[in-house]
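For reference, positions follow the sequence shown, starting with 1. Both ligands and their constituent atoms are indexed starting at 1 by order of listing.
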Amino acid sequence: EAGYWSYDPGFKVTAPVESKITYIDGGKGELLHRGYPIDQLAKNAEYLEVCYALLHGDLPNQEQKDDFYKKVGKHTAVHDQLRKFFEGFRRDAHPMAIMVGVVGALSAFYHEGLDVSEELHREITAIRLIAKMPTLAAMSYKYSQGEPFMYPRNDFNYAENFLYMMFATPADVDYKVNPVIAKAMDRIFTLHADHEQNASTSTVRLAGSTGANPYACIAAGIAALWGPSHGGANEAVLKMLDEIGTVENVPEFMEKVKRREVKLMGFGHRVYKNFDPRAQVMKETCDEVLEALGIDDPKLELAMKLEQIALEDPYFIERKLYPNVDFYSGIILKAIGIPTSMFTVIFSLARAAGWISHWLEMHSAPFSIGRPRQLYTGETRRDFVNIEDRK
Ligand code: SDX
């Protein structure tokens, strides 16, 4: 027989996760955060407002917004001792490898006295994480460039501050951030903020269900996100576009996809069997940014050609394969000067809000340790065999 449950199903098993944070209708291509449609949030709200909604249930009023922004602003710096952590890495270490390490290291700085059963402790953890992710992300980039770390500045907004810490140097005393780029960056953060029970969020919830230190749980989420089937796809899309090279090579590449030799990165989704609503906003943002910056990037034309062919080809139509959030994001990030190695770091920076919101939601009600079910398909019971009798 195919296999059998390895314990009596009467045992308490991990039920499907209940959550009020994000709703996805994969058939309709709909994504709501606390009921608000993603396209409306991406075009009208700042990322920190979306973070507030993910954490607290509603978009903030002006007083709540001012208070939240002030609290986040107070926690953007990291302990100076953390610098030593970076120095342990090779300069050419992948920034995601660094992020797994340094975000996990926060659990060593925020451990004594942290009681996750206390709501106030959980709240400050969420604020600390959202505040420090851009600082650590920018530090992982600066370290790879051999440039000095830049301290966060609170006269910049969240996205401007990140871009400042990424690209400014101590000599830039009057650094200005291009508002078009800052707005696009903030929108990209929003488009990646949360996505229900995806692989990395499920990892954070499972780790959190043991009562583990929240920063260590987030580091586990970063590790899961790094994979090319998940958050690493944005980096893989750019590599794929580089390999294809020109529009003339698209038909031959598509044949390779149909022979299952390669995947069309940035396409397909476990849940969306229609357009990923984030991909559509990302594509509009891509057009806006390239036009505003006067960039004529042949990769955009190549990506649009791939999309056009895939949307007309029965192979993709039968399998309901559409562009996902990762298909166009890399083109924008490249246009604003972000190196491909940092694409998934930016995804992790933005998704930290979703991860910690799910961690908070789980801790806000009684929960038990996660234990996914297994269908055993191995050997049935058999006796031990002495080595001289083994074949
Ligand atoms: C993210 O879960 C989330 O919400 C994730 C995410 C989030 O915000 O957290 O949305 C972020 O991870 C987006 C996805 C990024 N990954 C990629 O773009 C990598 C390329 N995509 C594939 O690897 C794939 O589509 C997955 C991993 C995203 C989904 O994999 P599934 O669920 O196994 O795909 P499926 O079962 O729906 O596939 C159906 C068919 C299969 O063909 P058959 O073997 O049945 O003939 O479609 C094929 C698949 O082989 N297929 C693809 C394809 N994706 C699926 N064929 C070519 N290219 C692809 N990209």
Sub-4.0 Å protein heavy atom next to atom 46 (O) of ligand 1 = yes
request  = Pick whichever of Lys273, His269, His230 has a heavy atom sitting closest to atom 37 (O) of ligand 1.
outcome  = Lys273
request  = Using a strict cut-off of less than 4.0 Å between a Lys/Arg side-chain nitrogen and an Asp/Glu carboxylate oxygen, indicate whether Asp186 and Lys183 qualify as a salt bridge.
outcome  = no
request  = Would you please indicate yes or no on a ring centroid separation below 6.0 angstrom for Tyr110 and Tyr215?
outcome  = yes
task = Tell me, yes or no, whether the heavy-atom count around Gln145 atom CD, taken from other residues, nucleotides or ligands under 6.0 Å, exceeds 12.
result = yes
ask   = Closest approach of Gln64 and Leu59, non-hydrogen atoms and distance?
value = OE1-O, 4.3 Å
Using atom types as modelled, flag every donor-acceptor pair under 3.5 Å from a side chain in residues 126-133 to any protein atom, sequence neighbours excluded.
from   : atom 1 : to    : atom 2 : distance (Å)
Lys132 : NZ     : His75 : O      : 2.9
Lys132 : NZ     : Ala77 : O      : 2.5

Protein heavy atom at shortest distance from atom 19 (C) of ligand 1 = Met265 CE, 3.6 Å
request  = Do me a favour and list the nearest non-hydrogen protein atom to atom 24 (C) of ligand 1 with residue, atom name and distance?
outcome  = Phe267 O, 4.3 Å
message = Tell me whether Val257 has any N or O atom under 3.5 angstrom from an N or O of ligand 1.
response = no
message = What I want to find out is whether Asp66 reaches Lys70 closely enough, with some N-O distance under 4.0 Å, to be called a salt bridge.
response = no
request  = Can you pull out the closest protein heavy atom to atom 27 (C) of ligand 1? Residue, atom name and distance to 0.1 Å, please.
outcome  = Ser229 O, 4.0 Å
ask   = For atom 6 (C) of ligand 1, is some protein heavy-atom partner under 4.0 Å away?
value = yes
query = Taking atom 2 (O) of ligand 1 as the point of reference, which of Val325, Asn198, Val271, Leu321 owns the nearest heavy atom?
reply = Asn198
Aromatic plane relationship, His269 with His195 - under 30° parallel, 30 to 60° tilted, over 60° perpendicular = perpendicular
key: Any N/O pair Phe316/ligand 1 closer than 3.5 Å   = no
message = Salt bridge check, Lys334 against Asp297: does any charged N sit closer than 4.0 Å to a carboxylate O?
response = yes
ask   = Going by the atom numbers of ligand 1, which of them fall below 4.0 Å from some non-hydrogen atom of Arg260?
value = 43 (P), 44 (O), 46 (O)
ask   = Can the positive tip of Arg91 be found less than 6.0 Å from the middle of the six-membered ring of Tyr143, inside 45° of the ring normal?
value = yes
remark   = protein heavy-atom neighbour closest to atom 28 (C) of ligand 1 works out as Gly268 O, 3.7 Å
query = Near Ala233, which atoms of ligand 1 are under 4.0 Å from a heavy atom of that residue?
reply = 15 (C), 16 (N), 17 (C), 18 (O)
request  = Using a strict 4.0 Å threshold on nitrogen-to-oxygen distance, state whether Asp174 and Lys176 make a salt bridge.
outcome  = yes
query = Nearest protein heavy-atom contact for atom 13 (C) of ligand 1: which residue, which atom, what distance?
reply = Asp326 OD2, 3.5 Å
request  = Would you please determine whether Glu196 falls within less than 4.0 Å of ligand 1 on a heavy-atom basis?
outcome  = no
query = At a non-hydrogen distance cut-off of under 4.0 Å, which region of Arg319 contacts ligand 1 (side chain, backbone, both, or neither)?
reply = side chain
ask   = Is there a protein heavy atom at a distance of less than 4.0 Å from atom 9 (O) of ligand 1?
value = yes
Proximity flag Arg351 to ligand 1, non-hydrogen atoms under 4.0 Å = yes
ask   = Considering Lys256, Lys320, Lys263, Arg270, which one's heavy-atom position lies nearest to atom 50 (O) of ligand 1?
value = Lys263
request  = Examine Phe86 together with Phe149 and report whether their ring centres are nearer than 6.0 Å.
outcome  = yes
Identified ring pair (Phe, Tyr, Trp, His ring centres under 6.0 Å) partner of Tyr52 from the options Phe68, Tyr47, Tyr36 = Phe68
ask   = Judged by non-hydrogen atoms, does Gln197 sit under 4.0 Å from ligand 1?
value = no
ask   = Below 3.5 angstrom, do we get any N/O pair linking Tyr315 and ligand 1?
value = no
query = Considering only protein heavy atoms, which is closest to atom 14 (C) of ligand 1, and at what distance to one decimal place?
reply = Asn324 ND2, 3.5 Å
request  = Mark yes or no: Arg153 above the aromatic ring of Tyr151, with NZ or CZ under 6.0 Å from the six-membered ring centre and no more than 45 degrees from the axis.
outcome  = no
request  = Looking only at protein heavy atoms, identify the closest one to atom 4 (O) of ligand 1 and say how far it is in Å.
outcome  = His195 ND1, 2.6 Å
key: Protein residue, atom and distance nearest to atom 58 (N) of ligand 1, heavy-atom basis   = Leu264 N, 2.9 Å
message = Salt bridge check, Arg187 against Glu288: does any charged N sit closer than 4.0 Å to a carboxylate O?
response = yes
key: Heteroatom proximity flag, Gly266 to ligand 1, N/O under 3.5 Å   = yes
